[in-house]
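The analysis underlying the following values was restricted to heavy atoms, covering all of them including side chains, and did not include hydrogens, waters or symmetry mates. No experiment lies behind these values; they were computed from the predicted model shown.
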Amino acid sequence: MELSPDTTILATVPLGFAEFPITLTLVMTWCVMAVLVLSSIGIIRGLGLGARRPAQLVPTRAQMALEVVVGLLEDQIGEISRRKPGRFLPFIGTLFLFIAVSNLLLVVPGFVPPTASLSTTAALALAVLFAVPVFAVAERGLGDYLLGYLRPSPVMLPFNLIGEVTRTLALAIRLYGNVMSGTVIAAILIGLTPLFLPVVMDTLGLITGMIQAYIFAVLAMVYIAAAVGPGTEDPAP
């Protein structure tokens, strides 16, 4: 049993003196990206994929569902940061939707979620790692942000740096462990009882996947809010 789609290489592309492997993780990631992009186009136009007419005045069910998701994200971002959510919503929303759709597509036969790969979860965690100082510097300035590593004492500098790295590592491993373990357990149960029980496990896997997407997005916002500093704005969008 393969524990990660990274081990499945579908093709190789020659690049100069080396070859770039096209792994199952990469293909599944492209599939998720395609679903997100095409769904976004369809929802914005309000007429389904491929439509070229203006959006309907009466929103579709997909549009209303997306508005609910955006509203919930705005509420969570506002409660955590005590700031207007508009500046954080594109990044946090993208993280949530990518992880959620990756896990929801488990219902598609043959689909392996890219979040079951440590390389994918590490990339998502690294995105959070770089986003934290970007938001903080934009809000507080470079000097004040760097001084934060010396508080409450310069002695804390190495510990603050280690904390940045370890929480990023924990973020990646937490998501990878939960998604990968659910996939492995479902595969084992399908081999043992290939009828009713796997359906139940898939349902539980979908619920767990949505919870993991929510936790990852909330933790990312908590890290950003801690770096940006306490807000005093009205969090209402």
Side-chain angles (χ1 to χ4, degrees), residues 1-8 23-37 39 69-70 72-77 79-81 85 88-108 110-135 161-189 198 201-227:
M1 179 184 297
E2 296 179 349
L3 297 182
S4 172
D6 286 336
T7 59
T8 303
T23 64
L24 184 60
T25 298
L26 191 58
V27 173
M28 294 296 105
T29 301
W30 288 341
C31 292
V32 175
M33 293 167 59
V35 169
L36 288 172
V37 171
S39 299
V69 172
V70 171
L72 292 174
L73 288 173
E74 288 179 336
D75 291 341
Q76 290 296 314
I77 293 172
E79 290 179 6
I80 294 172
S81 66
F88 309 113
L89 181 62
F91 178 69
I92 299 299
T94 299
L95 286 176
F96 174 79
L97 289 176
F98 178 82
I99 298 173
V101 172
S102 296
N103 296 332
L104 285 175
L105 288 178
L106 274 171
V107 298
V108 178
F111 182 84
V112 180
T115 45
S117 163
L118 186 58
S119 61
T120 300
T121 59
L124 294 173
L126 286 175
V128 176
L129 176 66
F130 287 108
V132 169
V134 169
F135 284 110
L161 293 176
I162 292 173
E164 290 285 341
V165 175
T166 54
R167 75 182 185 185
T168 301
L169 182 63
L171 200 61
I173 294 178
R174 179 187 294 110
L175 179 60
Y176 165 73
N178 282 282
V179 175
M180 184 272 292
S181 61
T183 303
V184 171
I185 291 173
I188 293 174
L189 291 176
M201 292 303 301
D202 284 343
T203 303
L204 293 176
L206 293 178
I207 296 174
T208 303
M210 293 301 295
I211 294 174
Q212 291 304 317
Y214 172 78
I215 292 175
F216 192 98
V218 167
L219 288 177
M221 190 61 239
V222 168
Y223 298 156
I224 293 173

Task: Atom pair CD1 (Ile99) and CG (Leu175), whose distance is rounded to the nearest 0.5 Å - done: 5.0 Å
Open item on the list: How long is the straight-line distance from CD1 of Ile173 back to CG of Leu118, given to the nearest 0.5 Å?
Closed with: 6.5 Å
Task: Flag side-chain contact, heavy atom, 4.5 Å: Leu129 against Glu164 - done: yes
TODO: Test side-chain contact (heavy atoms from CB on, under 4.5 Å) on Phe88 and Glu74 and set out the steps.
DONE: CA-CA 9 Å; Phe88 309 113; Glu74 288 179 336; over 6 Å; no
Open item on the list: Any non-hydrogen side-chain atom of Phe96 less than 4.5 Å from a side-chain atom of Phe216?
Closed with: no
Open item on the list: side-chain contact (heavy atoms from CB on, under 4.5 Å) for Leu105 and Cys31? Distances and angles first, verdict last.
Closed with: CA-CA 10 Å; Leu105 288 178; Cys31 292; 5.6 Å; no
Task: Side chain proximity check, Val222 to Arg167, heavy atoms < 4.5 angstrom - done: no
TODO: Please step through side-chain contact (heavy atoms from CB on, under 4.5 Å) for the pair Thr29 and Met33, ending with a clear verdict.
DONE: CA-CA 6 Å; Thr29 301; Met33 293 167 59; 3.9 Å; yes
Open item on the list: Just so I know, are the side chains of Ile211 and Ile215 near enough to count as touching, which here means a heavy-atom distance under 4.5 Å?
Closed with: yes
TODO: Would you give the length of the straight line joining atom CG of Leu219 to atom CZ of Arg174, rounded to the nearest 0.5 angstrom?
DONE: 5.5 Å
Task: Nearest non-hydrogen partners of Leu36 and Phe98, listed with the distance - done: CD1-CA, 4.0 Å
Task: Side-chain donor/acceptor of Thr166 to backbone N/O of Gly163, under 3.5 Å - done: yes
Open item on the list: Apply side-chain contact (heavy atoms from CB on, under 4.5 Å) to residues Met210 and Leu104 and explain how you reach the verdict.
Closed with: CA-CA 8 Å; Met210 293 301 295; Leu104 285 175; 3.8 Å; yes
- [ ] For a side-chain contact (heavy atoms from CB on, under 4.5 Å) with Pro114, tell me which candidate from Leu24, Thr23, Val32 qualifies.
- [x] Val32
